[in-house]
Protein chains: 2
Amino acid sequence: MSDPARSPARQRRKEARPQELTAAALSLFVEKGFAATRLDDIAERAGVSKGTLYLYFDSKDALFKAVIQEGIVPALHAGEALLDEYDDPLALLRAILLGWWERIGSTELGGIPKLMMSEARNFPDIAVYYQQEVIQRGTALLRKAVARGIERGVFREVDPEAICSVLIAPLVYRAMWLHSFGPCCGQETDVAQYLHTYFDLVLNGLLAPAPSGDAR
Amino acid sequence: MSDPARSPARQRRKEARPQELTAAALSLFVEKGFAATRLDDIAERAGVSKGTLYLYFDSKDALFKAVIQEGIVPALHAGEALLDEYDDPLALLRAILLGWWERIGSTELGGIPKLMMSEARNFPDIAVYYQQEVIQRGTALLRKAVARGIERGVFREVDPEAICSVLIAPLVYRAMWLHSFGPCCGQETDVAQYLHTYFDLVLNGLLAPAPSGDAR
DNA sequence: TAAGTTACTAACTGGTCAGTCATTAAAACG
DNA sequence: CGTTTTAATGACTGACCAGTTAGTAACTTA
């Protein structure tokens, strides 16, 4: 009677489970939202039963918290390392923004901003954590790049704090789009074209007028 | 036994109910998300019982649809009227973007983009409607303003399609912020300062180099 | 003011889902 | 190989909530 093809032998893989569960949870939370996602569905996507999920996470809330923390923390260090890698402010700024798009915006992690924004008011403590550990730190990084550019006369004098939000908004907005309207509505314009136009606008908006006599 | 102060006399106000219910629903949907909002809470906020809600809307889904449609449609016409009011492309662009902020972004309606983005994949048909009737139409309006500017040599040559997303993103992003992290986390920078920096950046990025000999 | 109409209510129901627990079977060990 | 340990299961439960309905009270009309 038993059909091993239908119900494959249960596997014991204690190490890999949390990873697999948070990955499944991330994609479903981003797709449906926290409240509308059933734990049974998360477990099924991770290839386990709901009971197993409770071996690794205390509650649905705890799983949410883990999804946010695990997804974001590793991505932050990469960005902060860029400050020392690049000297030229313009190249640094491009590296930060493009790097964000390539490492986060265009990957599964790009759903986290949408998820976090949707659920911020249902999880105020996690929202505060995210705001401090992700947004503030990311903004600080950007601000240093902008400040360096202003310092050296490469960028015009602008309010560094406000400009950071304005700079990152089109990228985050685009990432959110991919996880919301993207799958429903007709295909958006080409990403490469979008990024090109974006840089074209903000860099033209930021760059100081060429010093007189500068060939380019 | 009855205490009229605790349970005020029931009122019969057929005309006003739908309005009041969609307004209550909008603010709760934006705050908690669709799935996490209870119809009892919406009814309570509107000062009626849940049964009354079902006199005016067939289902929770129907209420959601009404919230989106009622909130957005009126706001669109105002924007489209601007095309004829302004001739100067720069003034037109400012009027559109600032007008959006004042009529939508900074009001209760500013929660709709957050709500719609959060729920797009749970309501694909409404997402398509919103995309076509709101986003497409709004983008078309912006595009005309940009095209007019390029035509007359006031703006540089840029890809009109892509630039529209880039232009609107900081405003929508900011509106979403107000309805997500805003209430949880420390106050953001001043809105006026933000808008000023935003215009400073994008207009500098858009404007064509002053024709030689032009004093300003 | 009595009868009729309808906006509104509150208690109820059935389905859904987060969280639990007794049982099963895969590994580990002697 | 027999025993112990523990990862994993799936059936169960209690709370919650969308949607229903029988009944109530506010207006209308004669």
Side-chain angles (χ1 to χ4, degrees), chain A residues 1-26 28-29 31-67 115 119 122-123 126, chain B residues 1-26 28-29 31-67 115 119 122-123 126:
Chain A
M1 262 317 174
S2 75
D3 182 352
R6 278 182 141 283
S7 62
R10 61 161 70 163
Q11 295 188 356
R12 293 158 59 96
R13 307 191 303 121
K14 182 177 171 149
E15 308 306 323
R17 294 298 187 214
Q19 233 305 339
E20 296 167 355
L21 284 164
T22 51
L26 172 59
L28 281 167
F29 285 162
E31 180 184 336
K32 299 170 176 299
F34 177 79
T37 299
R38 282 170 300 161
L39 292 182
D40 282 299
D41 288 347
I42 295 173
E44 184 185 312
R45 182 168 297 196
V48 298
S49 72
K50 187 170 61 174
T52 298
L53 199 159
Y54 276 89
L55 294 178
Y56 298 99
F57 301 96
D58 289 342
S59 64
K60 197 184 182 185
D61 281 28
L63 177 60
F64 179 81
K65 199 166 190 166
V67 165
L115 175 59
E119 304 296 341
N122 294 326
F123 297 92
I126 303 182
Chain B
M1 261 318 174
S2 76
D3 183 352
R6 278 183 141 283
S7 61
R10 60 160 69 162
Q11 297 188 354
R12 292 158 59 96
R13 306 191 304 119
K14 183 179 169 143
E15 307 307 321
R17 295 295 187 215
Q19 239 299 342
E20 295 169 355
L21 284 164
T22 52
L26 172 60
L28 282 166
F29 285 162
E31 180 185 335
K32 299 170 176 296
F34 177 79
T37 298
R38 282 171 298 160
L39 292 182
D40 283 298
D41 288 347
I42 294 173
E44 184 185 313
R45 182 167 296 195
V48 297
S49 71
K50 187 170 61 173
T52 298
L53 199 160
Y54 276 90
L55 294 178
Y56 298 99
F57 301 95
D58 289 342
S59 65
K60 197 182 182 186
D61 280 29
L63 178 59
F64 179 82
K65 199 164 190 167
V67 165
L115 175 59
E119 305 297 341
N122 293 327
F123 297 92
I126 303 181

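Numbered from 1 within each chain, the chains take letters A, B, ... in sequence-line order. When reading the values below, keep in mind they use all heavy atoms of this one structure, side chains included, and skip hydrogens, waters and symmetry mates.
The distance between atom CD of B:E44 and atom P of C:dA10, rounded to the nearest whole Å, is 11 Å. Look at CG on B:L21: it is 12 Å from C1' on C:dC8, rounded to the nearest Å. For the pair A:R10 CZ and D:dG10 P, the interatomic distance rounds to 7 Å; values are reported in whole Å. Taking atom CG of B:L55 as the reference point, atom P of C:dT6 lies 13 Å away to the nearest angstrom. Separating the CG atom of A:D40 from the C1' atom of D:dA11 is a distance of 12 Å, rounded to the nearest angstrom. The NZ-C1' distance, from B:K14 to D:dC27, rounds to 13 Å in whole Å. The separation between B:Y56 atom OH and C:dT6 atom P is 13 Å, rounded to whole Å. Straight-line distance from the CG atom of B:L53 to the P atom of D:dT21: 17 Å, rounded to whole Å.
Contact annotation: B:R13 side-chain N/O to D:dA26 OP1/OP2 distance is not under 4.0 Å. Remark: A:S49 is not in phosphate contact with D:dA8, judged by side-chain N or O atoms under 4.0 Å from OP1 or OP2.
Taking only distance into account, the side chain of B:K50 never meets the base of C:dA10 through a donor-acceptor pair shorter than 3.5 Å. Contact of A:K60 with C:dG19 (side chain to base): no donor-acceptor pair of N or O atoms is detected under 3.5 Å. In terms of polar N and O atoms assigned as donor or acceptor, the side chain of A:R38 never comes within less than 3.5 Å of the base of C:dT16 in a complementary pairing.
A distance-only check finds a donor-acceptor pair linking the side chain of B:K60 to the backbone of B:T37 [under 3.5 Å].
The A:R12 side chain lies nearest to C:dA27 when the options are D:dG10, D:dA18, C:dA27.
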